[in-house]
Engineer: 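Submitted below is the structure of interest, expressed as structure tokens.
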Amino acid sequence: MLKKINEKEFDEYINFAYELAMNKEKCSYPIFYDGIKTKKVFFDIEKESFKSKDSEILLYIENNNVEGWINYYYIEDDKYIQLTTFSIKKNTNIALKEFIQYINNKFHDYELYLGFPLDNKEAISYLSTKAELIESSYNNVLHLNDIKLLSNNKNIIKINRDNYHYFKEIHTDTNLYWTEDKIYNDLDNWNIYVKVLNNSPVSAIFATNADKDILEIFGYYLEKDNKDSLKELIENLISNSYVNKKYIIFFEDNSENEIEILNIGFKCIGKYLCYKINTK
């Protein structure tokens with residue numbers, strides 16, 4: 001059974017929710033066992049969701065016992081739903097079945113995104129037969145305190161509103177939620193670097209402010225799949241970020257996890273799988 005949480009229950013079960021979130025076999029993405037996010041960050045995120053009109057926290061209850069904590073948010077204009085927390089002590093498959101039905105009953109013609117670590121075998125097993133796998137990637141973390149200052153490539157420029165046309169020219173993937181128009185409208189929250197040769201963009205990297213201490217690499221484009229170009233872009237991003245940020249995270253979808261191969265300092269936390277369901 002799913003039950004919308006009240007304030008008393010929030011205070012009663014928030015520690016239970018955090019303990020589950022620290023277990024990679026029981027939780028969803030975003031994860032909190034990566035050595036970056038603190039318990040306070042978890043509490044703050046959940047409290048903010050509890051107060052938000054665009055999110056909802058549910059308790060999963062079996063035989064009158066609270067066995068799980070589910071937090072999701074939605075964007076009405078985009079018909080978009082995503083998990084903030086989905087942590088279940090036991091019977092994750094049953095909890096997922098009930099949650100998906102709950103969302104189907106409440107939201108029509110939305111896209112529901114459910115991200116889980118590969119280690120959560122029960123969730124992956126259930127979703128693999130019920131949903132579309134849209135992403136499978138390695139979760140990599142870089143501690144900027146461990147990195148020495150790197151030199152900048154003079155051909156790589158930081159993108160602002162005045163030179164955004166360089167990024168717009170290269171960022172043409174219309175299948176992404178973050179299109180060039182959406183990024184432009186939210187540019188203050190992005191760090192974008194483009195390599196320009198002969199006044200033409202040849203490669204780019206773009207990262208978003210996931211948190212005041214965390215920068216997340218969202219994507220990149222390379223000149224002729226040149227891996228040296230990727231290293232150049234990341235080093236440029238690092239050298240311009242280490243003063244204001246503590247960590248960089250990067251979900252690498254290449255099967256060989258090339259970000260580790262580059263030997264810059266990223267460490268792999270695990271594998272992330274994201275599934276999509278279209279609500280009825």
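All residue numbers refer to positions in the sequence shown, counting from 1.
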Engineer: With sequence neighbours left out, what residues match I94 under side-chain contact (heavy atoms from CB on, under 4.5 Å)?
Structural biologist: Y60, E62, N91, E98
Engineer: Nearest heavy-atom pair of H171 and Y221: which atoms, and what distance?
Structural biologist: ND1-OH, 2.6 Å
Engineer: What are the two closest heavy atoms between K39 and N15, and how far apart are they?
Structural biologist: NZ-OD1, 3.0 Å
Engineer: Please list every donor-acceptor pair under 3.5 Å in which a side-chain atom of residues 208-218 meets a protein atom from a residue at least two apart or in another chain.
Structural biologist:
from, atom 1, to, atom 2, distance (Å)
T208, OG1, N189, O, 3.3
N209, OD1, N191, ND2, 3.4
N209, OD1, K245, NZ, 3.2
N209, ND2, N189, O, 3.3
D211, OD2, D213, N, 3.0

Engineer: Specify whether F116 and F86 have parallel, tilted or perpendicular ring planes, treating 30° as the upper limit for parallel and 60° as the lower limit for perpendicular.
Structural biologist: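 Geometry flag for F86 against F116: perpendicular rings.
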Engineer: Looking at F107 versus Y102, is the centre-to-centre ring distance below 6.0 Å?
Structural biologist: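 No: the rings miss the under 6.0 Å criterion.
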Engineer: Rest of the hydrophobic cluster containing L197 (Ile/Leu/Val/Met/Phe/Trp/Tyr, side-chain heavy atoms under 4.5 Å)?
Structural biologist: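 When side chains under 4.5 Å apart are linked, the cluster holding L197 also contains V202.
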Engineer: Would you mind reporting whether S229 and E223 have side-chain heavy atoms less than 4.5 Å apart?
Structural biologist: yes
Engineer: Look only at the side chain of N185 and the backbone of D181, and say whether a donor-acceptor pair between them is shorter than 3.5 Å.
Structural biologist: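 Judged by distance alone, yes, a pair lies under 3.5 Å.
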Engineer: As a quick check of understanding, evaluate side-chain hydrogen bond (donor to acceptor under 3.5 Å, both in side chains) for N71 and S49, giving each step before the final call.
Structural biologist: CA-CA 8 Å; N71 180 358; S49 295; 3.1 Å; yes
Engineer: Quick one: pull up OH in Y275 and OG1 in T129 and give me the separation to the nearest 0.5 Å.
Structural biologist: 9.0 Å
Engineer: Within this structure, what is the OG-CD1 distance for the pair S203 and I156, rounded to the nearest 0.5 Å?
Structural biologist: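 CD1 of I156 is found 6.0 Å from OG of S203.
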Engineer: List the steps and the verdict of salt bridge (Lys or Arg N to Asp or Glu O under 4.0 Å) for K3 and E9.
Structural biologist: CA-CA 10 Å; K3 178 186 181 299; E9 291 166 332; 2.9 Å; yes
Engineer: Can you name the closest pair of heavy atoms from A204 and I170 and give their distance?
Structural biologist: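 Scanning both residues completely, I find the closest heavy atoms to be CB-CG2, 3.9 Å.
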Engineer: Under the salt bridge (charged side-chain N to carboxylate O under 4.0 Å, His left out) rule, collect the residues that match up with K24, sequence neighbours excluded.
Structural biologist: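 Partners of K24 by the salt bridge (charged side-chain N to carboxylate O under 4.0 Å, His left out) criterion come out as none, since no residue qualifies.
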Engineer: Are side-chain N/O atoms of Y33 and N23 paired as donor and acceptor at under 3.5 Å?
Structural biologist: no
Engineer: Any heavy-atom pair between the side chains of P117 and Y272 that's under 4.5 Å?
Structural biologist: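 Counting from C-beta outward, Y272 and P117 never come under 4.5 Å.
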Engineer: Check whether any side-chain heavy atom of L59 lies under 4.5 Å from a side-chain heavy atom of I70, and answer yes or no.
Structural biologist: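 In short, these two side chains do not touch, never coming nearer than 4.5 Å.
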Engineer: Tell me every residue that passes side-chain hydrogen bond (donor to acceptor under 3.5 Å, both in side chains) with N163, counting only those two or more places apart in sequence or in another chain.
Structural biologist: none
Engineer: Tell me, please, which residues at least two apart from K89 pass side-chain hydrogen bond (donor to acceptor under 3.5 Å, both in side chains).
Structural biologist: none
Engineer: Among the clusters formed by ILVMFWY side chains lying less than 4.5 Å apart, do I205 and Y166 turn up in the same one?
Structural biologist: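 The answer is no; the residues belong to distinct hydrophobic clusters.
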Engineer: Would you check if the distance from the ring center of F206 to the ring center of F167 is below 6.0 Å?
Structural biologist: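 When the ring centroids of F206 and F167 are compared, they turn out to be within the sub-6.0 Å range.
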Engineer: Return yes if a side-chain donor-acceptor contact under 3.5 Å exists between Y247 and H143, otherwise no.
Structural biologist: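 H143 and Y247 do not have a side-chain donor-acceptor pair below 3.5 Å.
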Engineer: Suppose we call two aromatic rings close when their centres sit under 6.0 Å apart. Are Y80 and Y177 close by that rule?
Structural biologist: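 Between Y177 and Y80, which both carry aromatic rings, the centre distance is below 6.0 Å.
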Engineer: Is any side-chain heavy atom of L187 closer than 4.5 Å to a side-chain heavy atom of Y164?
Structural biologist: yes
Engineer: Could you work out, with side-chain hydrogen bond (donor to acceptor under 3.5 Å, both in side chains) as the rule, every residue matching D54, not counting sequence neighbours?
Structural biologist: none
Engineer: Return the OH to CD1 distance between Y110 and I75, rounded to the nearest 0.5 Å.
Structural biologist: 10.0 Å
Engineer: Would a 4.5 Å heavy-atom cut-off, applied to side chains only, mark L144 and K246 as touching?
Structural biologist: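 They are not in contact (no side-chain heavy atoms under 4.5 Å apart), so the answer is no.
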Engineer: Hey, are the side chains of Y113 and I277 touching, using non-hydrogen atoms and a 4.5 Å cut-off?
Structural biologist: no
Engineer: Please name the pair of heavy atoms, one in K276 and one in A131, separated by the smallest distance, quoted to 0.1 Å.
Structural biologist: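 Heavy atoms of K276 and A131 come nearest at O-CB, 3.6 Å.
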Engineer: Quick one: list whatever passes salt bridge (charged side-chain N to carboxylate O under 4.0 Å, His left out) with K8, sequence neighbours left out.
Structural biologist: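 Only E12 meet the salt bridge (charged side-chain N to carboxylate O under 4.0 Å, His left out) criterion with K8.
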Engineer: About how many Å separate CH2 of W69 and SG of C27, when rounded to the nearest 0.5 Å?
Structural biologist: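 C27 atom SG to W69 atom CH2 measures 15.0 Å (nearest 0.5 Å).
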Engineer: Does the side chain of N153 come under 3.5 Å of the side chain of E232 through a donor N or O and an acceptor N or O?
Structural biologist: yes
Engineer: What residues, two or more places apart in sequence or in another chain, satisfy salt bridge (charged side-chain N to carboxylate O under 4.0 Å, His left out) together with E46?
Structural biologist: none
Engineer: Applying salt bridge (Lys or Arg N to Asp or Glu O under 4.0 Å) as the test, list every pair that has at least one member in residues 184-194; sequence neighbours left out.
Structural biologist: none
Engineer: Out of curiosity, S136 OG to L273 CG, how far, rounded to the nearest 0.5 Å?
Structural biologist: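 Rounded to the nearest 0.5 Å, the OG-CG separation comes out at 4.0 Å.
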Engineer: Flag the pair I14 / F50 as yes when at least one side-chain heavy-atom distance between them is below 4.5 Å, and no otherwise.
Structural biologist: no
Engineer: Among residues at least two apart in sequence or on other chains, which ones pass side-chain hydrogen bond (donor to acceptor under 3.5 Å, both in side chains) with K182?
Structural biologist: none
Engineer: Excluding sequence neighbours, so at least two apart, what forms salt bridge (charged side-chain N to carboxylate O under 4.0 Å, His left out) with E135?
Structural biologist: none
Engineer: Taking all heavy atoms of N104 and all of K280, pick out the closest pair and write down the distance.
Structural biologist: OD1-N, 3.0 Å
Engineer: Work out which heavy atom in Y184 is nearest to a heavy atom in R161; give both atom names and the distance.
Structural biologist: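 Smallest interatomic distance, heavy atoms only, reads O-NH1, 2.7 Å.
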Engineer: May I ask you to check if K47 and F10 form a cation-pi contact, with NZ or CZ under 6.0 angstrom from the six-membered ring centre and within 45° of the axis?
Structural biologist: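 Yes; both conditions hold, so K47 lies above the ring face of F10.
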Engineer: Can you tell me how far apart CD1 (I5) and CD (E56) are? Round to the nearest 0.5 Å.
Structural biologist: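 If I round to the nearest 0.5 Å, the distance is 10.5 Å.
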